[in-house]
Amino acid sequence: MTLTQPSLTQPSPTQPAVVQTGLTGRTSALDDAQAQLAEAAAALGYDEGLHTMLAKPRRELTVTIPLRRDDGSMQVLTGYRVQHNISRGPAKGGLRYSPDVTLDEVRALAMWMTWKCALLDVPYGGAKGGIALDPRQYSIGELERVTRRYTSEILPIIGPQQDIQAPDIGTDERTMAWIMDTYSVSQGHTVPGIVTGKPLSLGGSLGRASATSRGVVHIAKAALHSLGIRVDGSTAAIQGFGKVGRDAARFLADEGARVVAVSDQYGAIHRAAGLDIHALGAHVDATGSVVGFGSADELEAADLLELDVDLLVPAAVEGVIHEGNAASIRARIIVEGANGPTSRAADAILASHGVLVAPDILANAGGVIVSYFEWVQANQSYRWQARDVEARLEERMLAAWAAVNEHARAHELTLRAAATRLAVARVTEAHRLRGLYP
């Protein structure tokens with residue numbers, strides 16, 4: 001177990017990041033997160049010391065995870081937990097299992113989580129965790145052993161009042177159950193508040209599994225209305241058909257939108273008349289992919305992003321809309337279901353083309369809102385009804401949308417710039433009120 005300090009090779013927190021984009025125009029998530037913060041800090045008039053404090057994670061932990069494989073061999077994995085800021089409350093953030101996990105990626109995601117919680121007025125700070133592995137290459141037993149060892153290694157910095165985990169890419173409610181049990185065994189009693197997104201039978205919340213998707217659709221509907229586009233009859237493309245994209249597509253279709261294209265890690269499909277999302281879900285359950293869905297045409301995954309639609313929902317991973325393809329985006333509205341799907345350079349291009357971008361820290365905040373509701377229910381030992389969860393989720397999402405829009409109009413900003421400034425200012429206010437110790 002190794003406590004580490006933030007890398008000394010990061011861009012200066014007092015200046016926007018200058019990065020190499022390569023042939024595709026892609027930048028790293030951390031570059032984009034730092035640049036967004038730099039712009040907000042400059043606009044808010046923060047001095048170098050305050051900006052540096054906001055730019056640096058409060059605490060980082062890198063752990064080594066030895067795994068005994070089912071065949072008896074030994075493998076050593078690396079895991080991370082980053083707590084970016086805890087001025088407004090306990091750290092909160094997902095746990096990701098992906099071969100692409102790096103410490104810098106986790107740093108960026110933890111920072112965005114801080115702004116997300118502040119923007120939606122959830123009393124948490126931001127955190128994120130990850131293990132560099134491809135969960136598809138491991139058995140259930142191996143994933144359980146990895147999860148429990150990772151949890152035991154990070155025990156010193158987690159707890160229901162310190163740092164609460166949730167599912168993310170490659171993890172699910174079963175992963176949360178393993179974490180809850182491992183932590184509870186260490187404490188000698190059951191602690192349901194150590195995680196959110198856990199099974200209902202272990203104290204999970206009704207509505208949590210689909211909360212991020214519902215939040216995305218609340219913002220998508222508001223964005224469509226703001227441009228005078230009826231939801232019923234609008235067209236949409238969904239990049240990513242997993243935890244967020246699948247239910248977002250279903251909810252949009254239920255509202256009368258015509259979802260014409262979806263994609264996953266294996267490919268993409270398109271049908272101009274609209275896809276039958278419920279039938280597509282059954283196909284995915286049976287085959288594991290959207291590819292091969294009989295009533296649709298195959299499509300190059302990259303081409304989905306450039307379809308002429310009213311609404312584009314990138315709901316997979318970060319960095320898919322970048323300097324190399326932003327000018328080809330024809331959607332009128334982008335609602336970010338994923339974290340960091342649009343690079344800073346792409347943002348400028350999209351703004352110049354008049355594309356309305358609802359940023360991730362607003363659009364995909366439904367998950368953390370209902371995670372907060374789940375945590376409150378765990379603390380109360382009382383379950384809310386699904387209708388109460390969904391009504392309170394909608395209220396929070398639309399209140400945040402209104403606040404961001406008002407700030408954007410008043411100061412002639414993009415929605416992302418407005419959302420980031422509001423969030424950074426709220427975190428800073430909490431820090432100033434608490435003071436600096438010692």
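A quick note: this is a predicted structure, and the numbers were derived from the prediction, not measured. Scope of the values below: all heavy atoms of this structure, side chains included, with no hydrogens, waters or symmetry mates.
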Looking only at heavy atoms, which two atoms of [X] and [Y] are closest? And how far apart?
{"X": "Arg426", "Y": "Ala118", "answer": "NH1-O, 3.0 Å"}
{"X": "Met74", "Y": "Pro66", "answer": "SD-CB, 4.0 Å"}
{"X": "Lys243", "Y": "Asp172", "answer": "CE-CA, 4.4 Å"}

Would you check, one step at a time, whether the test side-chain hydrogen bond (donor to acceptor under 3.5 Å, both in side chains) holds for Ser73 with Asp71?
CA-CA 6 Å; Ser73 63; Asp71 63 7; 2.6 Å; yes

Side chains of [X] and [Y] only: does a donor on one sit below 3.5 Å from an acceptor on the other?
{"X": "Arg148", "Y": "Thr182", "answer": "yes"}
{"X": "Ser87", "Y": "Arg434", "answer": "no"}
{"X": "His278", "Y": "Asp254", "answer": "yes"}
{"X": "Asp264", "Y": "Ser289", "answer": "yes"}

Tell me the side chain to side chain donor-acceptor pair (under 3.5 Å) pairs involving residues 397-408, sequence neighbours left out?
none

The single option from [options] passing side-chain contact (heavy atoms from CB on, under 4.5 Å) against [X]:
{"X": "Arg96", "options": "Ile169, Ile131, Thr171", "answer": "Ile169"}
{"X": "Ile334", "options": "Leu356, Val313, Leu305, Ile321", "answer": "Ile321"}
{"X": "Met180", "options": "Val191, Thr196, Thr190", "answer": "Thr190"}

Does atom CZ (Arg69) have a neighbourhood of more than 12 heavy atoms from anything else shown, all under 6.0 Å?
yes

List the steps and the verdict of side-chain hydrogen bond (donor to acceptor under 3.5 Å, both in side chains) for Thr420 and Gln36.
CA-CA 7 Å; Thr420 304; Gln36 291 162 11; 4.8 Å; no

Taking C-beta and beyond as the side chain, do [X] and [Y] meet within less than 4.5 Å on heavy atoms?
{"X": "Tyr138", "Y": "Gln75", "answer": "yes"}
{"X": "Leu54", "Y": "His84", "answer": "no"}
{"X": "Thr428", "Y": "Tyr46", "answer": "yes"}

For Arg387, is there any backbone N or O sitting under 3.5 Å from a side-chain donor or acceptor partner on Glu390?
no

Does His283 use its side chain to pair, donor to acceptor, with the backbone of Val291 at less than 3.5 Å?
yes

Applying side chain to side chain contact (heavy atoms under 4.5 Å, CB included), name anything that partners Lys116, two or more places apart in sequence or on another chain.
Met113, Asn339, Ile361, Asn364, Ala365, Val368

Is the terminal nitrogen or CZ of Arg107 (NZ for Lys, CZ for Arg) located under 6.0 angstrom from the six-membered ring centre of Trp112 and within 45° of that ring's axis?
no

Could Arg88 and Tyr124 be counted as a cation-pi pair, given that NZ or CZ must be under 6.0 Å from the ring centre and within 45° of the axis?
no

Carefully, step by step, assess Ile277 and Arg250 under the rule side-chain contact (heavy atoms from CB on, under 4.5 Å).
CA-CA 6 Å; Ile277 299 302; Arg250 178 167 63 88; 4.0 Å; yes

When you look at Val357 and Leu415, which way does the side-chain contact (heavy atoms from CB on, under 4.5 Å) test go after all the steps?
CA-CA 7 Å; Val357 180; Leu415 294 182; over 6 Å; no

Quick test of your reading of the model: are Arg344 and Asp347 salt-bridged, counting only N-O distances below 4.0 Å?
no

Is the closest basic N to carboxylate O distance between Glu336 and Arg416 below 4.0 Å?
yes

Which is it for His225 and Val231 under the side-chain contact (heavy atoms from CB on, under 4.5 Å) test, yes or no, and what are the steps along the way?
CA-CA 8 Å; His225 288 151; Val231 179; 3.7 Å; yes

